[in-house]
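We number each residue from 1, following the sequence as shown. This is a predicted model, so every value here is computed, not measured. As the structure lists them, so they are numbered: ligands from 1, and atoms in each ligand from 1.
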Amino acid sequence: MEKKELLYEGKAKKVFTTEDPDVLIVSYKDDATAFDGQKKGTIVGKGAINNRMTNHVFRLLEKEGVPTHLVEELNDRETAVKKVEIVPLEVIIRNFSAGSFAKKMGMEEGILLKCPTLEFSYKNDDLHDPFINSYYALALDLATQEEIDVISKYAFKVNEVMRDYFAGLGIELIDFKIEFGRFHGEIILADEVSPDTCRLWDKETHEKLDKDRFRRDLGNVEDAYQEVFKRLGIQ
Ligand code: ADP
Ligand code: UDP
C-alpha cells in the first residue's frame, strides 16, 4: 500500500490518501502540542509508540466487539485505516477525577468516581473544543440520536476493555478521549488510543505515564512513553 497525496496534517499525525478511496494511511509524528497548540515540542519515539500501541489496543477491542478503522500496520509509524467521516465529537470517559474535570468540580486528582462518566466536546479548533451535551450534538446536527447511542455504548465498552487490560499491566486508566467515524453508514472507532490521549498512572506509585508529563513539565517524558510501551510487551 502506497501513500498518494497528503490529505491533512494535524498536530500529531499526517493523513495520506491511497489508490483505494476507502483507505487512508496515517503517519504518526513525534510532535507534541498542548493547551490548544500553544505549547509545542517533540517527544522522541512517540510516533512509533502511539502507532503501535493504538493498533495493539484496537486489535483487542475488535476481538471484544468494537469495530475500528484498523486495516493494516505498515511499519513503525504508519498504518492503513478505513477512511471515515469523523463525527465531530471528542468522547471522553473518566474513571478517576483529573484534568479539567477535577478543576471544574473542585476536586483533587485521582479520586475514584462512583461510576465511569462520559462527556462530549465539540471537535472544533476555532471554538477550542467546547464542552457540549448530547442535546447540543443533536441540535447542531453533529450526530443522530442513534449514532449517539452507539457511540456511548462503544465508549463504555472501550473503557471496560482498556481498564481491565491496563490493570493487568499495573496501570490505572484514569481517563481518555476517543473519536468515532462513519464508514458506509456504520459507526466505528477511529483516530488513536495512546499516552497522548489517555491518562495512565502506575497503579502502585501513581506516577504519571502519559502526556501530562509534557503538559506540566514533569520531566522524563520519553521514559514514560517507553515504559507504557514496554509493559505492552509488543517490542
Ligand atoms: P488534530 O487534527 O487534532 O491535530 P491529528 O494530528 O491526530 O489531530 O490528526 C489526525 C486527524 O485525522 C484528526 O483530525 C482525526 O480526527 C482524523 N482521523 C483519524 N482517523 C481517521 C480516519 N480513519 N479517517 C479519516 N480521518 C481520521
Ligand atoms: N484529551 C485529548 N485531547 C484533547 C482533550 C483531552 O486526548 O483535545 C484527553 C486527555 O489526554 C485526557 C482526557 O482526554 O486523557 C480528559 O482530558 P481533560 O478534559 O481533563 O482535559 P485537559 O486536562 O487535558 O485539558
Residues 161-173 vs salt bridge (Lys or Arg N to Asp or Glu O under 4.0 Å), sequence neighbours excluded, gives E172-K203
At under 4.0 Å between heavy atoms, what of K11 touches ligand 1? The answer is both
Would you say the rings of H206 and F96 are close, in the sense that their centroids are separated by under 6.0 Å?
no
I'd like to know if D175 pairs up with R199 as an ion pair, taking the criterion as any Lys NZ or Arg NE/NH1/NH2 lying under 4.0 Å from an Asp or Glu carboxylate oxygen. yes
The answer for which part of V84 has a heavy atom under 4.0 Å from ligand 1 is both
Evaluate R231 against D202 for salt bridge (charged side-chain N to carboxylate O under 4.0 Å, His left out), listing each step before the verdict. CA-CA 11 Å; R231 292 195 200 184; D202 181 272; 2.7 Å; yes
Greater than 12 external heavy atoms within 6.0 Å of Q145's CD: yes
| Donor on one side chain, acceptor on other, T68 and E62, under 3.5 Å | yes
Would E9 count as a contact of ligand 1 if the rule is a heavy atom under 4.0 Å away? no
Logged contact type for K123 with ligand 1, heavy-atom cut-off 4.0 Å, is side chain
Looking at D191, L24, D31, D125, the heavy atom closest to atom 13 (C) of ligand 1 belongs to D191
shortest atom 26 (N) of ligand 1-to-protein heavy-atom contact is with I86 CG1, 3.7 Å
Q. For residues D196 and Y225, is any side-chain donor paired with an opposing acceptor at under 3.5 Å?
A. yes
d(F120 CZ, I151 CD1) to nearest 0.5 Å is 6.5 Å
key: N or O pair under 3.5 Å between V81 and ligand 1   = no
Contacts for ligand 2, heavy atom under 4.0 Å, by chain and number, are E90, I92, R94, A98, G99, S100, D175, F176, K177, D196, T197, C198, R199, R215
Cation-pi between K46 and F214: NZ/CZ under 6.0 Å from ring centre and within 45° of the ring axis?
no
Looking only at protein heavy atoms, what sits closest to atom 7 (O) of ligand 1 is K13 NZ, 2.5 Å
